[in-house]
Amino acid sequence: MLIPLQKYQSSVRQTDYESHPVSRPTTNYTNLLLTAGGSISCLRCTAKSKTTGLQCGRPAMKVSKTQKCQFHGGRGNSGPKTPEGKARAIAAHTKTGDCSQAARDAHARASARLLQLEDSMHLLGMTTATRTRGRKPNCYVPVKDLAGVAQMMIDDVLHRVGGSGGD
């Protein structure tokens with residue numbers, strides 16, 4: 001049941017109406033956050049939500065130069081900047097050679113070779129299976145005719161292509 005506006009306003013005292021304003025999100029930042037029942041005060045993250053406009057409620061990290069929490073970039077370290085520092089980071093994180101650029105290139109060449117063999121098998125009528133789905137390596141050149149099959153065999157004899165097994 002709808003109550004007419006005039007009747008509703010007449011039943012509300014003026015002091016009650018003024019003391020309860022409509023609460024809306026504010027963009028004012030509060031710098032301090034009280035935790036543990038008010039006994040611990042710390043800086044508050046100053047990140048603002050795009051959808052609600054409210055300030056993040058997490059405490060800012062002590063090491064943060066921009067007063068942000070760990071989820072909004074408060075750690076502040078984005079890695080080494082100099083080429084020497086980047087080289088040290090690469091050397092420190094390389095445990096085996098499996099993830100190096102050379103290993104990825106060798107794997108791509110071996111995958112391209114297998115796809116070329118699959119193309120050759122379809123051209124020669126050796127299989128009726130479905131083709132391999134998915135993204136192809138950048139070095140893959142499709143074999144489209146019998147001359148391409150012959151060229152692939154000559155290239156294989158002249159330039160032995162090693163796979164990821166270390167040939």
Side-chain angles (χ1 to χ4, degrees), residues 24-123 126-127 129-145 147-167:
R24 293 192 176 126
T26 179
T27 57
N28 294 336
Y29 291 122
T30 57
N31 287 337
L32 290 177
L33 179 68
L34 296 176
T35 59
S39 61
I40 299 174
S41 65
C42 58
L43 291 175
R44 185 174 175 184
C45 177
T46 57
K48 187 178 86 167
S49 172
K50 290 180 182 179
T51 56
T52 63
L54 296 175
Q55 184 180 357
C56 175
R58 294 182 53 84
M61 297 187 74
K62 290 181 181 179
V63 296
S64 176
K65 296 176 184 174
T66 58
Q67 194 175 336
K68 299 284 192 286
C69 67
Q70 61 185 350
F71 297 120
H72 293 114
R75 289 196 177 103
N77 187 5
S78 59
K81 304 289 187 275
T82 62
E84 295 84 17
K86 290 178 182 180
R88 280 196 313 270
I90 290 171
H93 290 290
T94 303
K95 295 180 182 175
T96 65
D98 295 341
C99 294
S100 64
Q101 185 65 42
R104 287 194 296 269
D105 290 342
H107 180 74
R109 284 192 307 271
S111 296
R113 174 77 176 138
L114 286 174
L115 288 169
Q116 287 177 339
L117 288 172
E118 182 183 21
D119 291 344
S120 301
M121 288 177 63
H122 278 281
L123 279 173
M126 296 172 69
T127 183
T130 58
R131 299 284 178 115
T132 303
R133 296 170 40 196
R135 187 179 67 86
K136 308 292 189 259
N138 290 338
C139 56
Y140 167 66
V141 178
V143 178
K144 297 181 180 179
D145 53 4
V149 173
Q151 184 64 40
M152 183 188 70
M153 290 170 47
I154 292 170
D155 288 342
D156 185 39
V157 170
L158 294 178
H159 310 285
R160 286 280 176 191
V161 178
S164 60
D167 276 336

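Source: prediction; values computed, not measured. For reference, positions follow the sequence shown, starting with 1.
- Partners of Arg88 according to the side chain to side chain donor-acceptor pair (under 3.5 Å) rule, which considers only residues two or more places apart in sequence or in another chain, do not exist here.
- In this structure, the separation between NZ on Lys86 and CD on Glu84 is 10.5 Å, given to the nearest 0.5 Å.
- Side-chain contact between Arg113 and Asp156 is present, with at least one heavy-atom pair separated by less than 4.5 Å.
- Applying the side chain to side chain donor-acceptor pair (under 3.5 Å) rule to Thr130 yields no partners; only residues at least two apart in sequence or on another chain are considered.
- Looking at Ser120, its side chain never comes within 3.5 Å of a backbone N or O of Val149 through a donor-acceptor pair.
- Around NZ of Lys81, the count of heavy atoms belonging to other residues, nucleotides or ligands within 6.0 Å exceeds 12.
- For the atom pair CG (Leu158) and CD (Gln151), the distance works out to 8.5 Å, reported to the nearest 0.5 Å.
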(request) Please test Lys68 against Thr46 for side-chain contact (heavy atoms from CB on, under 4.5 Å), starting from the C-alpha separation and ending with a verdict. (result) CA-CA 6 Å; Lys68 299 284 192 286; Thr46 57; 3.0 Å; yes

Would you mind writing out the side-chain donor-acceptor pairs for residues 134-143 within the sub-3.5 Å range, not counting sequence neighbours?
unit_1: Lys136; atom_1: NZ; unit_2: Thr132; atom_2: O; d: 2.9
unit_1: Lys136; atom_1: NZ; unit_2: Gly134; atom_2: O; d: 3.3
unit_1: Tyr140; atom_1: OH; unit_2: Asp119; atom_2: OD1; d: 3.4
unit_1: Tyr140; atom_1: OH; unit_2: Asp119; atom_2: OD2; d: 2.4

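- A pairwise comparison of heavy atoms in Cys69 and Cys45 identifies N-SG, 3.3 Å as the closest pair.
- Among all heavy-atom pairs drawn from Ala36 and Ile40, the shortest one is CB-CD1, 3.8 Å.
- Here the CZ atom belonging to Arg44 is positioned 7.5 Å from the SG atom belonging to Cys56, to the nearest 0.5 angstrom.
- Side-chain atoms of Ser64 never come within 3.5 Å of backbone atoms of Met61 as a donor-acceptor pair (strictly under, hydrogens ignored).
- Remark: side-chain polar atoms of His122 are paired, donor with acceptor, to backbone N or O of Ala129 under 3.5 angstrom.
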